[in-house]
Amino acid sequence: MVIPVNPPHLDRTSPPQPTHAGPCPASALPEGVRVRVTRVVYEDQRAVAELVPRLTERQAAGADPLPVEPGELAPALLHALRREIRALPDEARLLLLLAAADQYPVATHAFLRAVTAGRLDTRPLETAEAAGVAHASAGGVFFRDPWTRIAAYETGSPADRRAAHLLLARVLGGKGETARRSWHRGAAALGPSARLAAELRTAADRARSEGRPALARALAERAADLCPDPAEEARLLALAAADAWRSGEPDRARRLAARTDNSALSGLLALRAGHAAEAFDALLTAAVRQKRSTDALELLALATEAAVYTGDLRRCREAHVLAQWLDLPPSGILAALACAVEGRYADARVLLKGTAGRCGPGADPGLLIHSGIAALLLGDHTRAVTATLRAAASARSRGIPGTVAQAMEFRVYADFWTGRPRAAEAATQEALRQAYATGQDNGACHLQAALAMFAAVTGDEEACRERAAAARSHALAHGLGLPAALAQWALAFLDLAGGRFPAAAARLRALAGFGPGHGHRAIRHLATPHYVEAAVRTGDTRVARAAHADYDRWATAVRSPDDLALSARCRALLAPGAEAVQHYRSALDLHARGTRDFERARTELLFGGALRRLRQRTEARDRLHSALEAFESFGAPHCAAQARAELRALGTALTPATGAPDPAAVLTAQQLMVARMAAEGATNREIADRLNLSPRTIDHHLRGVFSRLGIRSRIELVRLLGESP
């Protein structure tokens, strides 16, 4: 009996049929599931319409992995396409089968050589071209779409498929083609073979070392299908699952992982999409079991990420002790966080500086991300940007798309504070989509919280609350202290910028709490300067003084000009009357050596208000005008409104803006994209389909567009966008 290249199910026996949730439109799915559904069917709306109603309740909710095999994804679509291909002459079908085998599921680029070696006549392809199925060129055969290519492959008989794979294997003898030759040899196998399984595993190891995880996954998975030894099969499945995850195939990874018991793999999947505390435990268990120190170090690095996500940084001490017990050098982040938890900030700084310095081009993307995190904790945003940019570039070159989104999770902080919120927002939207597409729901939660942060600063109150609610809901269910705290900070800043000082103080005071899903030391440092401001505005400074004392110890230890500037600003806010002036001047001197342009503008705003109350009107006016100009350039209307209010209190006449607003200046990146599509005549449903959002979200964005631009109809929108540069 011939074993097909892609059996109907990953399991050797068919699983019981699931209970389906019934018809469900794609727009009703959670955002992450909707993005993955679209991706897994090659963005073909016909397949989306067929797959979505057949999802189980758990699949539709994202609790279970989606189907991954073509026959599970779109059987009706494939049936129609197979019928279309069967109508072609036999010679044309065999050529299409050969071309499809050369491209699916592993691209080997050997079709033309196989045609020459087999002395095949390619003229029958003209009938396929006439039927619109595919067209031939000097570069080979190009199918109408991925589903037609799959149908061309699956239409062939097992014997014809085997012959095609053997012919392709025969011509793949060049340099660097060993792995692909092994793939075709394995695809042509008639049954289990220890020899072929070993050959495929060797090829998979080589592909993995060369940075080709997608090819490594296909080879390892096929090796597992052919392996007669259950223990070796389990090891191969674990390798295939890890490769699937690295190459951005989350649902295949989860399905493969379900067939094996591997704590390292369980920890990795839990870290990216499960409960962070469970991920930490699984990764530490796996590190103890590892025989190779390099593998144990990698697992401890992942455990560090889990500890950062949870916010329960006391667990860093557990990992640090384990590393010492295993006689392993722990990552700088891990040791630094362990020191910070114990209040040894000077020691933490030394360890962070060592980690932040390891950000050379071409390094391992995981190490580069750790370098970026270390730089952020040190307040070195320039180095953080460099490290995260290099991490993304290294991940792309190694074929690890998910890591690109991970790098962006931490890049957004640097972009935000250095005064690039709108550019960072657009990049974050793309990173969010990539995180969802690669199954990184926890990373997506962090990015949702970052988008809430941007919305708070740009004054989009409804978007801020919507993003923050989504982030906190996922974070609290998965033990993610970092995004939960960041979302809370976004809501607090929204209150602070809107003049709701008691609400802001209450939210910011809560960020001092630690533990899974509740708070985070890094966000505590981020929030303390704003908490001091809110507390001073409400007249309750007792807790704020204690929070500032801890923050000042941190700032003094890490020696970041920005953190020292913010500490000086806190000191100014807590000082009486004229004593505050010198502290404000010190803060601005320190800001001049730092990179947090947005916070410098906030300091000028507060300094200007203090000078106004001290009746130093000329300097107050200069400071407030400088702050207003900065806030307008950042697109922070709430903060700009505070600066205008202070200037009006000085009796300064403000020149109203003239002419129509520039959409690019007043709209968020997402709003501008929606506005342009609407101006081109797209309906809300069409925009939702193109952006993989719900029509309700599009309606919300358009209402925000109309409000910000001061218009009431799409006709005005068309005119305004037509006039803008």
Side-chain angles (χ1 to χ4, degrees), residues 5-6 10 39-40 42 68 100-111 113 139-140 146 149 165 168-169 171-188 196-227 235-257 264-265 268-269 272 294-295 298 361-369 390-407 434 437-440:
V5 176
N6 289 292
L10 287 172
R39 187 170 185 260
V40 80
Y42 308 103
V68 292
D102 182 45
Q103 300 174 30
Y104 166 80
V106 172
T108 52
H109 313 292
F111 173 75
R113 281 182 282 165
R149 181 183 61 210
H165 285 299
L168 289 164
V171 300
L172 284 166
K175 185 178 180 181
E177 294 183 330
T178 304
R180 290 179 169 85
R181 182 175 68 246
S182 295
W183 160 255
H184 283 295
R185 282 170 49 77
L196 271 176
E199 179 184 331
L200 287 163
R201 173 164 187 168
T202 300
D205 292 343
R206 186 181 300 111
R208 194 176 301 114
S209 67
E210 293 171 353
R212 295 183 290 174
L215 177 58
R217 189 277 304 165
L219 290 161
E221 186 176 354
R222 186 60 182 147
D225 289 338
L226 296 176
C227 185
R235 286 190 287 270
L236 288 166
L237 286 170
L239 289 170
D243 290 328
W245 184 264
R246 292 189 191 96
S247 61
E249 299 179 273
D251 296 291
R252 186 178 292 275
R254 290 169 66 189
R255 286 195 162 210
L256 289 166
L265 188 56
L268 171 64
L269 296 180
R272 301 304 178 208
T294 53
D295 291 338
E298 184 178 350
D364 177 85
L367 294 177
L368 286 166
I369 290 174
R390 287 175 174 172
S394 178
R396 288 190 191 96
S397 68
R398 297 171 187 230
I400 316 174
T403 306
V404 178
Q406 291 168 32
Q434 193 159 23
T438 53
Q440 299 182 91

Taking the side chain as every heavy atom from C-beta outward, state whether [X] and [Y] have any atom pair closer than 4.5 Å.
X      : Y      : answer
Glu210 : Leu215 : no
Glu249 : Val68  : no
Leu200 : Arg185 : no
Thr108 : Arg181 : no

Next item on the list: With side chain to side chain contact (heavy atoms under 4.5 Å, CB included) as the test, would you mind laying out the steps for Leu172 and Arg113 before giving the verdict?
Entry: CA-CA 9 Å; Leu172 284 166; Arg113 281 182 282 165; 3.8 Å; yes
Roughly how far, to the nearest 0.5 Å, is the [atom2] atom of [Y] from the [atom1] atom of [X]?
X      : Y      : atom1 : atom2 : value
Leu236 : Arg201 : CG    : CZ    : 5.5 Å
Arg212 : Asp243 : CZ    : CG    : 12.0 Å
Leu168 : Gln103 : CG    : CD    : 10.5 Å
Leu239 : Asp205 : CG    : CG    : 7.0 Å
Arg222 : Leu196 : CZ    : CG    : 9.0 Å
Leu237 : Arg255 : CG    : CZ    : 14.0 Å

How far apart are the closest heavy atoms of [X] and [Y], and which atoms are they?
X      : Y      : value
Phe111 : Gly140 : CD2-CA, 4.4 Å
Ala407 : Ile369 : N-CD1, 3.8 Å
Glu177 : Gly173 : OE1-N, 3.3 Å
Arg180 : Ala107 : NE-O, 2.8 Å
Gly248 : Thr438 : CA-CG2, 3.8 Å
Ala203 : Ala179 : CB-CA, 3.9 Å

Check: So, does Arg246 use its side chain to make a donor-acceptor pair with the main chain of Pro213 at under 3.5 Å?
Finding: no
Check: Parallel, tilted or perpendicular: which fits the ring planes of Trp183 and His165, with parallel below 30° and perpendicular above 60°?
Finding: perpendicular
List the atom pairs, donor and acceptor, that lie under 3.5 Å between side-chain atoms in residues 395-402 and the rest of the protein, sequence neighbours left out.
residue : atom : partner : partner atom : Å
Ser397  : OG   : Ser394  : O            : 2.8
Arg398  : NE   : Ser394  : OG           : 3.1
Arg398  : NH2  : Gly362  : O            : 3.3

Note to self: Applying salt bridge (Lys or Arg N to Asp or Glu O under 4.0 Å) to Arg217 and Glu221, what does each step give before you reach the verdict?
What the structure shows: CA-CA 6 Å; Arg217 189 277 304 165; Glu221 186 176 354; 2.7 Å; yes
